[in-house]
Every structure is written in structure tokens, then in C-alpha cells.
Amino acid sequence: MGEGYRPFDHTGDIGLEVWADTPERLYALAAEAVAAQVAEALPGPAEVHRTLELEGDDPAELLVHWLNTSLLEAERQHAVWTRAHVRALEARRLSAALEGQRLDPRRQVMLREVKAVSHHELELDLVRRPCTCRLVLDL
């Protein structure tokens with residue numbers, strides 16, 4: 001089945017369904033999918049890099065923490081993430097990297113402000129293949 005994501009309508013917000021062959025790629029693709037809801041970036045080299053080491057109480061809480069941290073770091077670094085790499089993933093720990101472009105309205109189309117990824121209606125399945133998650137973005 002490979003990997004992918006698709007948005008879905010959610011009352012006043014937007015949802016995302018994400019699927020990938022491995023848990024590591026699912027977490028990475030989820031970060032890329034969230035970033036794609038914020039801006040459409042033109043192809044180009046990565047100019048901004050950020051490495052993160054995060055912990056969470058369980059895999060679902062870790063996913064939300066990872067995605068919210070990626071949003072916060074995009075704001076802090078004035079960046080639009082175009083690629084995420086999860087280097088190591090355990091039940092309560094994640095080591096990952098984000099890369100992207102400097103925020104520049106001439107090179108990106110800003111779509112919407114995403115305030116946070118919610119725990120509301122979060123679904124995460126890391127056992128079956130493809131791995132899947134369903135999450136809601138607070139706009």
C-alpha cells in the first residue's frame with residue numbers, strides 16, 4: 001500500500017489520515033503532512049535543519065508531542081518543513097530531524113495557521129501494516 005496522507009473535514013478544524021509501512025515513517029510523514037497544511041513550498045534545497053530528541057508517556061502522546069514540537073520549531077526557526085526523518089523510535093522516545101526552507105512568501109503559498117495537533121479523536125495503529133494514524137489539527 002505504500003504511504004500517503006489525506007485531509008478530511010472536521011467541524012471548524014481539519015483532520016488528517018496518514019499511513020506508512022513502518023512506525024518511523026508514519027511519524028515522519030505525519031510531520032510532513034501537518035507542515036503541508038500550513039504552506040505549499042516550492043521545490044528547493046533545505047536551508048533550515050533541526051534535530052529533536054523527545055519523550056512521551058506512550059506512542060500516541062509522543063506522536064502529538066512530536067507534531068506540536070514540529071509546529072513550534074517551524075515558528076521559532078521561521079521555516080516551512082519539507083522533510084522529516086525519524087532516526088529512532090521507541091514506545092516513549094523519539095529521535096528525529098526536520099529540514100525545510102526559510103519562510104518566504106515569494107517561495108511558499110501560506111494556506112492556514114495550524115495552532116496545534118489535538119489529542120481529540122486521535123487514533124494510532126503501529127501494529128498492522130500499513131501503520132496508520134488519524135488526527136485533528138486545531139485551526
Side-chain angles (χ1 to χ4, degrees):
M1 180 164 188
E3 65 179 43
Y5 65 87
R6 66 178 156 257
F8 64 89
D9 290 331
H10 190 275
T11 309
D13 294 315
I14 191 168
L16 283 175
E17 294 177 344
V18 185
W19 61 94
D21 291 330
T22 66
E24 293 83 2
R25 185 61 190 140
L26 179 72
Y27 277 61
L29 186 58
E32 293 170 14
V34 169
Q37 304 312 302
V38 175
E40 290 179 5
L42 295 174
E47 304 162 318
V48 183
H49 302 269
R50 185 75 174 102
T51 301
L52 300 168
E53 304 285 333
L54 302 172
E55 293 184 5
D57 293 336
D58 57 49
E61 196 278 328
L62 182 60
L63 176 64
V64 171
H65 183 39
W66 155 242
L67 297 176
N68 283 328
T69 300
S70 72
L71 286 169
L72 176 63
E73 288 301 317
E75 189 173 322
R76 283 182 177 168
Q77 302 296 322
H78 304 287
V80 174
W81 304 127
T82 55
R83 188 81 172 139
H85 307 277
V86 174
R87 297 175 176 156
L89 178 63
E90 300 171 16
R92 299 176 60 190
R93 178 170 291 190
L94 169 126
S95 174
L98 297 163
E99 60 184 50
Q101 302 169 350
R102 291 261 174 237
L103 189 59
D104 181 346
R106 295 172 297 185
R107 294 190 303 166
Q108 297 105 19
V109 175
M110 301 310 291
L111 301 174
R112 64 187 60 85
E113 180 184 1
V114 175
K115 295 177 187 173
V117 176
S118 174
H119 288 89
H120 177 69
E121 296 183 14
L122 176 68
E123 297 175 19
L124 177 63
D125 183 349
L126 301 176
V127 176
R128 288 182 277 199
R129 297 298 183 260
C131 300
T132 60
C133 70
R134 185 176 167 95
L135 44 97
V136 176
L137 310 179
D138 293 333
L139 303 182

Distance-only check: which donor-acceptor pairs under 3.5 Å involve side-chain atoms of residues 87-98, not counting sequence neighbours?
{"unit_1": "Arg92", "atom_1": "NE", "unit_2": "Gly56", "atom_2": "O", "d": "3.3"}
{"unit_1": "Arg93", "atom_1": "NH2", "unit_2": "Glu55", "atom_2": "OE2", "d": "2.4"}
{"unit_1": "Ser95", "atom_1": "OG", "unit_2": "Glu53", "atom_2": "OE2", "d": "2.8"}

Which donor-acceptor pairs under 3.5 Å do side chains of residues 122-139 form with protein atoms, sequence neighbours excluded?
{"unit_1": "Asp125", "atom_1": "OD1", "unit_2": "Val127", "atom_2": "N", "d": "2.9"}
{"unit_1": "Asp125", "atom_1": "OD1", "unit_2": "Arg128", "atom_2": "N", "d": "3.2"}
{"unit_1": "Asp125", "atom_1": "OD2", "unit_2": "Arg128", "atom_2": "NE", "d": "2.6"}
{"unit_1": "Asp125", "atom_1": "OD2", "unit_2": "Arg128", "atom_2": "NH2", "d": "2.9"}
{"unit_1": "Arg129", "atom_1": "NE", "unit_2": "Asp21", "atom_2": "O", "d": "3.1"}
{"unit_1": "Arg129", "atom_1": "NH1", "unit_2": "Leu126", "atom_2": "O", "d": "2.9"}
{"unit_1": "Arg129", "atom_1": "NH1", "unit_2": "Val127", "atom_2": "O", "d": "3.1"}
{"unit_1": "Arg134", "atom_1": "NH1", "unit_2": "Glu17", "atom_2": "OE2", "d": "2.3"}

Quiz: residues 34-49 side-chain donor-acceptor pairs under 3.5 angstrom, not counting sequence neighbours:
{"unit_1": "Gln37", "atom_1": "OE1", "unit_2": "Arg112", "atom_2": "NH1", "d": "3.4"}
{"unit_1": "Gln37", "atom_1": "NE2", "unit_2": "Ala33", "atom_2": "O", "d": "3.3"}
{"unit_1": "Glu47", "atom_1": "OE1", "unit_2": "Arg102", "atom_2": "N", "d": "2.7"}
{"unit_1": "Glu47", "atom_1": "OE1", "unit_2": "Arg107", "atom_2": "NH2", "d": "2.8"}
{"unit_1": "Glu47", "atom_1": "OE2", "unit_2": "Arg107", "atom_2": "NH1", "d": "3.1"}
{"unit_1": "Glu47", "atom_1": "OE2", "unit_2": "Arg107", "atom_2": "NH2", "d": "3.4"}

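Sorted pairs that involve residues 82-107 and meet ring-ring contact (aromatic ring centres under 6.0 Å, His included), not counting sequence neighbours, are lacking altogether. Residue pairs meeting the salt bridge (charged side-chain N to carboxylate O under 4.0 Å, His left out) criterion with at least one member in residues 63-72: none, sequence neighbours excluded. Sequence neighbours left out, the pairs with a member in residues 99-139 that pass ring-ring contact (aromatic ring centres under 6.0 Å, His included) are His10-His120. Sequence neighbours left out, not one pair with a member in residues 51-74 passes ring-ring contact (aromatic ring centres under 6.0 Å, His included).
Here Val109 sits in one hydrophobic cluster together with Leu111; the rule is ILVMFWY side chains under 4.5 Å apart, joined directly or through other members.
Asp9 pairs by the side chain to side chain contact (heavy atoms under 4.5 Å, CB included) definition with nothing, not counting sequence neighbours. Taking the side chain to side chain donor-acceptor pair (under 3.5 Å) definition, one finds that Gln77 meets it with nothing, sequence neighbours left out. By the side chain to side chain donor-acceptor pair (under 3.5 Å) test, Arg25 pairs with Glu3, Glu32, sequence neighbours left out.
To the nearest 0.5 angstrom, Asn68 atom CG is 12.0 Å from Glu73 atom CD.
The hydrophobic clustering, which links ILVMFWY residues whose side-chain heavy atoms are closer than 4.5 Å, places Val86 and Trp19 apart.
Between Leu63 and Leu67, some side-chain heavy-atom pair lies under the 4.5 Å cut-off.
The minimum heavy-atom distance linking Pro7 with Ile14 is given by the pair CB-CD1, 3.9 Å.
Using modelled atom types, no side-chain atom of Trp81 and backbone atom of Ala31 make a donor-acceptor pair closer than 3.5 Å.
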